[in-house]
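Structure first, then comments.
Numbers here are sequence positions counted from 1.
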Amino acid sequence: MILLKKAAIGTAMALASFTTVLAQEPPVTKESFRYINLDFPGLEKVTAAVNSGQYEMAAAGLLEYYRHRTGVRHLDFNAGDAPQFAGKKVSEATLELANNILLHKFKPHKGYPAYDYGSDINWQYRPVQDQLLTTFLHRTAFWEPLGLVYRSTGDEKYAKEWVFEVRDWIKKNKQGAYPDDKDFAWKAFVVSFRLNHWSGFFNLFLHSSNFTPAFLMEFLNSYNEQANYVMGNYTDKGNHRLYEALHLMYAGSTFPELAAAPAWRKSGIGVLNTEILKQVLPDGLQFELSPGYHIGTIQIFLDALQIAQLGGVGQEFPQAYRDRVEKMVLAVGKYSFPDYTYPLYGNSFLTSKAVMLQNYKSWSAVFPRNQVIEYYATDGASGKRPGYFSSALPDAGFYAFRNGWDQKATVMQIKAGPPAEFHSHPDNGNFVLWVKGRDFTPDAGSFVYANVGKQENAKRDWYRSTKAHQTLTLDDKTIVNNARLIKWETGDDLDILSYDNPSYEKLHHQRTFLFVDKTYFIIIDKATGEAAGKLGIHFNLKEDSKPVLDKAYNTVYTTYADGNNLLVQNLNKDKVSMHTEESFVSYEYQKETPRPAFVFEKQKAAVAPQSFVTVLYPYSGHKAPVITVKENAGNDFIKGTIDLTVTVNGVSRRVRALAGE
């Protein structure tokens with residue numbers, strides 16, 4: 001028995017019985033069966049009808065076979081589940097979506113409203129200049145509400161419309177029909193998702209009177225063409241290649257009666273075994289360095305393993321594959337906060353604790369012996385808490401300072417890694433500070449991350465720009481990511497991270513973070529090289545922080561009524577100016593909120609190095625602490641020798657560290 005799990009589709013649908021045959025359908029011919037494996041067990045009557053030239057009878061027999069087969073199970077959608085869902089109401093939102101689809105008003109992406117694609121559906125209609133909307137249209141996941149309502153009501157108008165729209169899509173979107181079809185309808189990544197969705201919809205409408213033998217043959221022939229297309233047109237690299245391989249495994253397992261199914265499964269398994277070694281770094285992070293996409297790739301690898309195991313070929317994935325996925329799961333805990341959220345680096349969007357707990361529960365089921373994963377999955381009720389506080393993912397360049405694992409903890413997540421493509425932003429040195437349940441300095445996110453062809457998107461460009469992140473810039477220009485670790489060391493009263501990044505052609509940026517007494521942070525920025533211009537270190541605060549800025553003393557502090565607040569203060573003795581900046585944060589696609597932001601700036605002449613010293617001090621209460629710093633005799637920021645006396649509200653503490661080489 002093969003058990004399948006199909007991403008991005010909802011629950012199973014109940015289906016009505018077959019009672020009528022639509023008139024004026026295309027004829028079923030011998031060619032209709034050219035992709036069917038007529039030697040497949042259970043198709044003996046179908047084969048006999050084909051061999052005797054009774055093609056309509058053969059198609060009807062094949063449809064009856066699919067309606068009664070039990071050897072293939074779909075984790076979410078099975079035709080036999082109809083009775084348990086019949087009559088159960090769907091949400092008003094789902095009903096509205098389904099009724100809109102009847103009018104050809106489609107909502108392919110949740111970030112946009114429904115758009116009218118015309119009585120004669122125009123599959124090339126692009127109501128907004130965002131290629132993501134069009135690629136989502138051609139994934140066709142938006143058909144799901146039709147099935148949900150059909151399952152509930154048994155009203156054939158929903159099934160009839162689905163059959164009509166599938167046929168319409170097939171007719172109007174043949175390969176080569178449009179000059180840019182390989183960017184949209186026939187982009188391998190998009191086709192693979194369409195395979196995935198169609199395999200579920202097949203079961204949802206299988207018993208409809210509108211699901212005729214002729215439609216079955218059209219459906220299977222198109223499905224076969226699309227699966228072969230994906231296998232012959234894999235994306236070169238990245239998460240797209242992973243999804244394509246996974247979806248080929250789904251295709252081969254959902255329709256084992258198709259002659260090419262074994263090749264699809266074999267191809268998917270081979271690609272995933274190869275790519276897990278290429279795309280997952282030794283520390284466990286996926287090489288696009290995006291926390292959100294990292295979680296998506298975990299699910300890809302685990303879904304593939306599940307399909308293989310239930311299909312009797314689990315041995316095709318070696319133990320090393322499983323071990324690396326387990327390391328990927330543990331990496332999530334290292335880059336997350338105690339509330340299970342994580343920085344919005346690299347086109348990530350905000351998650352929730354409920355979603356992440358569900359993820360951990362599924363991961364714990366795969367790795368039941370891992371007590372740390374169990375700890376996350378049970379919200380600390382059982383299992384074993386990680387045996388560390390501060391942690392590093394050195395291959396990815398993700399570092400975390402923390403003083404605990406509960407809601408009272410202070411956690412700073414830092415990004416300082418190698419070059420990364422696709423979703424990664426040019427933001428080395430960026431950090432997010434979370435204290436007692438509050439994300440004081442959220443990453444900007446992305447808002448939108450796709451252009452249309454060569455057309456520029458100002459919003460996309462701003463969210464990707466370095467100045468939108470919390471790091472150093474020269475004349476506000478975008479940097480290059482290629483950090484080299486200088487020092488990572490943790491201790492009882494001082495943790496230190498220091499790295500060097502060749503941010504610009506003639507300027508290196510060394511940033512050193514000190515986590516002092518597991519309480520507050522000192523950030524030291526050093527800019528060296530021949531480049532001259534305006535240096536700036538940028539800071540972005542949470543949208544509701546209502547900060548007070550004191551430009552005379554280069555200080556900023558938040559004013560939360562609950563007393564959980566943050567002070568940011570520049571400690572330079574030389575001239576540094578402070579200015580406010582325009583900034584935004586995007587927690588969801590195509591949604592943004594203005595937020596406070598500011599920058600400390602100074603000029604750099606050619607050759608002469610420059611430095612900034614900044615303290616970030618979380619505090620309780622409504623009065624910001626008074627902080628002063630004294631540079632002791634041995635202190636030299638340029639050489640990396642740190643020897644400071646920091647005084648907070650009259651209490652002094654000497655801070656000494658080596659951040660040089």
Side-chain angles (χ1 to χ4, degrees), residues 7-8 188-189 192-193 234-247 249 268-306 317-318 320-337 340-351 355-356 359-360 362-363 366-367 370 372-373 376 391-400 413-428 430 432 443 445-446 449 464 481-483:
F189 179 60
S192 81
F193 271 95
Y234 275 110
T235 302
D236 290 341
K237 56 185 175 179
N239 71 80
H240 286 203
R241 187 175 178 86
L242 302 183
Y243 276 114
E244 290 155 7
L246 174 66
H247 294 157
M249 289 187 65
I269 291 172
V271 167
L272 290 168
N273 270 324
T274 299
E275 290 299 313
I276 197 169
L277 298 177
K278 291 182 177 179
Q279 295 199 28
V280 181
L281 302 172
D283 58 20
L285 206 65
Q286 198 258 357
F287 73 168
E288 293 177 71
L289 307 185
S290 167
Y293 279 87
H294 174 80
I295 291 170
T297 58
I298 292 175
Q299 203 58 49
I300 291 172
F301 290 127
L302 290 183
D303 281 356
L305 180 60
Q306 184 183 24
F317 289 111
Y321 177 99
R322 296 165 171 81
D323 292 343
R324 187 150 290 203
V325 178
E326 185 173 12
K327 188 176 286 188
M328 292 178 74
V329 173
L330 293 174
V332 176
K334 291 183 177 180
Y335 69 58
S336 297
F337 300 113
Y340 288 75
T341 63
Y342 45 73
L344 305 181
Y345 302 149
N347 292 343
S348 295
F349 290 99
L350 191 64
T351 188
V355 168
M356 290 306 301
N359 284 334
Y360 275 114
S362 66
W363 299 335
V366 179
F367 305 108
N370 192 305
V372 172
I373 298 176
Y376 293 131
S391 61
L393 295 166
D395 300 296
F398 278 26
Y399 302 89
Q413 297 285 353
I414 303 165
K415 181 173 180 287
E421 299 183 68
F422 308 109
H423 294 284
S424 182
H425 290 186
D427 59 352
N428 268 351
N430 194 18
V432 179
D443 182 81
S446 58
Y449 52 82
R464 287 184 60 84
N481 282 349
N482 195 10

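- Using modelled atom types, no side-chain atom of D395 and backbone atom of L281 make a donor-acceptor pair closer than 3.5 Å.
- Side-chain N or O atoms of Y376 include none that pairs as donor or acceptor with a backbone N or O of M356 at under 3.5 Å.
- Residue L272 holds its CG atom at 12.0 Å from OH of Y243, rounded to the nearest 0.5 Å.
- When atom types are taken as modelled, the side chain of N430 and the backbone of V432 share no donor-acceptor pair closer than 3.5 angstrom.
- Pairing each heavy atom of H294 with each of V332, the nearest pair is CD2-CG2, 3.6 Å.
- Contact between P418 and L289 at its shortest, heavy atoms only, is O-CD1, 3.9 Å.
- H423 and S290 get closest at one heavy-atom pair: CB-CB, 4.3 Å.
- In this structure the side chain of D283 reaches within 4.5 angstrom of the side chain of P394, judged on heavy atoms.
- The CG atom of N359 sits 10.0 Å away from atom CG of L302, with the distance rounded to the nearest 0.5 Å.
- Atoms CE and CG, on M328 and D323 in that order, are 13.0 Å from each other to the nearest 0.5 Å.
- Remark: side-chain polar atoms of D303 are not paired, donor with acceptor, to backbone N or O of L246 under 3.5 angstrom.
- The distance between the ring centers of Y342 and F337 does not fall below 6.0 angstrom.
- Residue L393 holds its CG atom at 10.0 Å from NZ of K327, rounded to the nearest 0.5 Å.
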*asked:* For E326 and I373: C-alpha separation, side-chain torsions, deciding distance, then whether side-chain contact (heavy atoms from CB on, under 4.5 Å) applies.
replied: CA-CA 9 Å; E326 185 173 12; I373 298 176; 4.3 Å; yes
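- Here the side chains of V325 and V280 are not in contact, with every heavy-atom distance at 4.5 Å or above.
- Nearest heavy-atom pair, N239 versus Q286, reported as atom, atom and distance to 0.1 Å: N-NE2, 4.1 Å.
- In this pair, H240 and F189 present their aromatic rings parallel. The plane angle is below 30°, not in the 30 to 60° band.
- Between Y360 and W363, the ring planes lie perpendicular to each other; the angle is over 60°, past the 30° to 60° tilted range.
- In this structure, the side chains of K334 and F398 stay at 4.5 Å or more apart for every pair of heavy atoms.
- Distance CD1/I300 to CD/E275: 10.5 Å, rounded to 0.5 Å.
- Nearest heavy-atom pair across Y335 and P291 is OH-O, 2.8 Å.
- For D427, the salt bridge (Lys or Arg N to Asp or Glu O under 4.0 Å) partners are K415, not counting sequence neighbours.
- Using a distance-only test at 3.5 Å, with no hydrogens or angles considered, a donor-acceptor pair links the side chain of R322 to the main chain of F317.
- Looking only at side-chain heavy atoms (C-beta outward), F301 and L305 stay at 4.5 Å or farther from each other.
- In this structure a side-chain-to-backbone donor-acceptor pair under 3.5 Å is present from E244 to T235.
- L242 CG to K237 NZ: the interatomic distance, rounded to the nearest 0.5 Å, is 13.0 Å.
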*Check the pair F349 / S446 against side-chain contact (heavy atoms from CB on, under 4.5 Å), numbers first and verdict last.*
CA-CA 8 Å; F349 290 99; S446 58; 3.3 Å; yes
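- For L344 against D443, the heavy-atom pair with the smallest separation is O-OD2, 3.1 Å.
- Under the 3.5 Å distance criterion, the side-chain polar atoms of N428 are left unmatched by any main-chain donor or acceptor of N481.
- Aromatic pair Y345/H425: centroids not less than 6.0 angstrom apart.
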